[in-house]
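Worksheet for the structure shown next.
Keep in mind the model is a prediction, meaning the values are calculated, not measured.
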Amino acid sequence: MPLNTTSLKYIFSFFFFVITLSGCNPEDVIQPDDKVGYHTFNSYADFNKTLLHLTEIKNEEDRDEQLVVFFDSLAANHQVPFTWDDSVAFLYKGNPTSIIWVGDFNGWNSSVSGFSGTRIGTTDIWMLEKVFPSDARLDYKIVKDGSWILDPANSYIQYSGFGPNSELRMPDWQYPQETLLGENVVRGQMSENFTIQSQAANLNYAVQYTVYTPFGYDALSDLPVIYVTDGHEYSDEQKGSMLTVLDNLIFNETIQPIIAVFIDPRNPSNLSENRRGSEYRSNIKFADFVADELVPVIDAQYKTNSNPTARAILGTSLGGWNAAFFGLERSDAFQLIAIHSPAFNSAIIQSYTSSPMLPLKIFMSTGVIYDTQNQARSMKSVFDQKGYPLTYKEVNEGHSWGNWRALLEEPLVYFFAN
């Protein structure tokens, strides 16, 4: 079939792009099974040199054509943002008035200086260069002329309680494989939504929850139980992915079979009303509701181990504060305490400092990029001084479900190793 003018022009553009790549041979640039325009860079400097070389092409039409091929190839091969070792180049292609990158790395504050993009010459490419730990993973968005948008050239997404964010994956970050359902894994069962009416002395309102039972449940007995606050998000495959993590760990016999109770903080009659802000801030009425009302129902209806040494409470952020509060006030019912990115206040840290030693086993983690590392480290010092059994972990991430979902395996194995 004869080639038309457009086809010839594209082919010319493609080969022009290849031969202008900083002295690279064509075989170094185009891989047989990769998309057109893919370039295997040798270093971050090589990337910068290549981009600069293309932006300096004098013929504007040729320059723009090569930049389109170059940028599209980066996007197609998950190289937007471009990362190398601890360096990252955030990139945007378009003609806005201003571009700002906001995310875990600046506290989601668009007024923080140093995160505005710079237009490269007279091109439509904008860039922001930063340095992060090589194993960091961070959520972000782009503020384009005042509007917050996902990065249109980045297909990696991490969902939050407020919707999707774009995801920066530094080169040494490893995807949590336990959040992907393994081949031939037999799944457990998730119940329908149940509702329990709390007594007037406690919450005095209805609470919704669901219950996970492991595969082979009918032949099992005496099962440990983990109670999960913000349960609707921990059990969401786009956020916590906890059902998949449980299925993988139980099927592969990494942990013993367990039951999980996912407590939903939203009003069952109005899901837009989230009550976590009042329930999770050292609220003894919530702790007593779970320990004295919900636990007896679960123990009566399921084949549980009712010993507090086999009962865990898990939460993140305010839920992490709540989990620590359960340990402090209701160790008679919960002795396994799992804490993700705890939003502690000073009072609960002081309470642990002044309290006698409690029969607790504790897991605690935090990100160290605009996360809760200050509160977590202060509490860790108290736990260490008291001599509590503690597994503690810090990661180069922010306050995000991407952080917490990747740290679900650790407390489950720590508490329930097979």
Side-chain angles (χ1 to χ4, degrees), residues 78 80-81 88 90 100-112 115 132 135-144 146-170 173-176 178-180 210 228-245 262-267 271-277 279-281 314-323 338-343 365-373 375-376 394-409:
H78 299 294
V80 178
V88 56
F90 292 97
I100 304 170
W101 278 268
V102 295
D104 290 333
F105 40 75
N106 58 8
W108 294 94
N109 187 344
S110 61
S111 65
V112 173
F115 289 90
F132 297 116
D135 64 347
R137 191 220 59 86
L138 299 164
D139 288 14
Y140 73 96
K141 275 192 169 77
I142 293 173
V143 181
K144 173 189 174 185
S147 297
W148 292 52
I149 62 171
L150 294 173
D151 187 337
N154 181 4
S155 61
Y156 290 141
I157 298 293
Q158 175 57 57
Y159 281 81
S160 74
F162 302 98
N165 295 317
S166 294
E167 184 178 57
L168 167 64
R169 299 177 177 182
M170 295 299 285
W173 178 76
Q174 296 183 359
Y175 193 91
E178 67 275 11
T179 64
L180 302 173
T210 54
V228 185
T229 55
D230 287 313
H232 65 302
E233 295 195 348
Y234 268 104
S235 60
D236 186 331
E237 288 301 311
Q238 294 180 319
K239 299 182 183 77
S241 301
M242 191 168 178
L243 302 182
T244 296
V245 174
F262 296 95
I263 308 172
D264 191 335
R266 300 172 299 173
N267 182 347
L271 296 181
S272 65
E273 179 190 346
N274 195 317
R275 302 178 292 208
R276 69 191 305 274
E279 289 181 351
Y280 299 169
R281 297 174 185 265
L314 164 66
T316 185
S317 192
L318 291 179
W321 175 0
N322 173 77
I339 302 166
H340 283 147
S341 296
S365 69
T366 183
V368 296
I369 301 176
Y370 272 91
D371 199 12
T372 59
Q373 61 267 35
Q375 300 99 307
E394 293 186 350
V395 292
N396 289 313
E397 303 207 24
H399 204 72
S400 165
W401 276 112
N403 170 352
W404 308 321
R405 70 198 295 268
L407 290 174
L408 270 173
E409 180 177 12

query = Cut-off 3.5 Å, side chains only: do Thr372 and Thr366 have a donor facing an acceptor?
reply = yes

query = Do NZ/NE/NH1/NH2 and the carboxylate oxygens of Asp139 and Arg137 come within less than 4.0 Å?
reply = yes

key: Closest non-hydrogen atom pair, Glu178 against Arg405   = OE2-O, 4.4 Å

CA sep, side-chain torsions, deciding dist, call: Trp101, Ile142, side-chain contact (heavy atoms from CB on, under 4.5 Å) = CA-CA 5 Å; Trp101 278 268; Ile142 293 173; 3.4 Å; yes

remark   = What one should report as the nearest heavy-atom pair of Pro164 and Lys141 is O-NZ, 2.6 Å

task = Could you verify whether a donor N or O on one side chain and an acceptor N or O on the other, from Asn154 and Tyr140, lie under 3.5 Å apart?
result = yes

task = Can you measure from CD (Gln158) to CG (Asp104) and round to the nearest 0.5 angstrom?
result = 9.5 Å

request  = Identify the two heavy atoms, one from Gly277 and one from Leu318, that lie closest to each other, and give their separation to 0.1 Å.
outcome  = CA-CD1, 4.1 Å

task = Apply the test side-chain contact (heavy atoms from CB on, under 4.5 Å) to residues Glu397 and Asp371: give CA-CA distance (whole Å), side-chain angles for both, the deciding distance (0.1 Å), then the verdict.
result = CA-CA 8 Å; Glu397 303 207 24; Asp371 199 12; over 6 Å; no

request  = Could you give me the CA-CA distance, side-chain angles and deciding distance for Leu314 and His340, then say whether side-chain contact (heavy atoms from CB on, under 4.5 Å) is met?
outcome  = CA-CA 8 Å; Leu314 164 66; His340 283 147; 3.9 Å; yes

Trace of the side-chain contact (heavy atoms from CB on, under 4.5 Å) decision for Glu237 with Thr244 = CA-CA 8 Å; Glu237 288 301 311; Thr244 296; 2.7 Å; yes

message = If I take atom OH from residue Tyr234 and atom CG from residue Leu243, how far apart are they, to the nearest 0.5 angstrom?
response = 13.0 Å

query = Between Tyr370 and Gln373, what is the shortest heavy-atom contact and its length?
reply = N-NE2, 4.1 Å

ask   = How many angstroms lie between CG in Leu180 and OH in Tyr175, if you round to the nearest 0.5 Å?
value = 5.0 Å

query = Going from CH2 on Trp148 to CD1 on Ile100, what distance comes out if it is rounded to the nearest 0.5 angstrom?
reply = 9.0 Å

inquiry  = For Thr316, run the side chain to side chain contact (heavy atoms under 4.5 Å, CB included) check against Trp401, Trp321, Tyr280 and tell me which one passes.
reply    = Trp401

ask   = Have Ser155 and His78 got a donor and an acceptor in their side chains that come within less than 3.5 Å?
value = yes

task = State, to 0.1 Å, how close Ser317 and His399 come at their nearest heavy-atom pair, and which atoms those are.
result = OG-NE2, 2.9 Å

ask   = Is the shortest heavy-atom distance from the side chain of Asn109 to the side chain of Val102 under 4.5 Å?
value = no

ask   = For the residue pair Gly231 and Phe262, what are the closest heavy atoms and their distance?
value = O-CD2, 3.6 Å

task = Kindly say whether the aromatic ring centers of Phe90 and Phe105 come within a distance under 6.0 Å.
result = yes

key: Rounded distance [0.5 Å steps], CZ in Arg266 versus CG in Leu271   = 4.5 Å

note = dist Glu279:CD -> Asp230:CG (nearest 0.5 Å) comes out at 9.5 Å

ask   = Do Glu409 and Pro176 touch side chain to side chain, with heavy atoms closer than 4.5 Å?
value = no

key: Ser166 side-chain N/O to Asp151 backbone N/O, donor-acceptor pair under 3.5 Å   = yes

key: Distance-only polar pair, side chains of Asn267 and Glu273, donor-acceptor under 3.5 Å   = yes

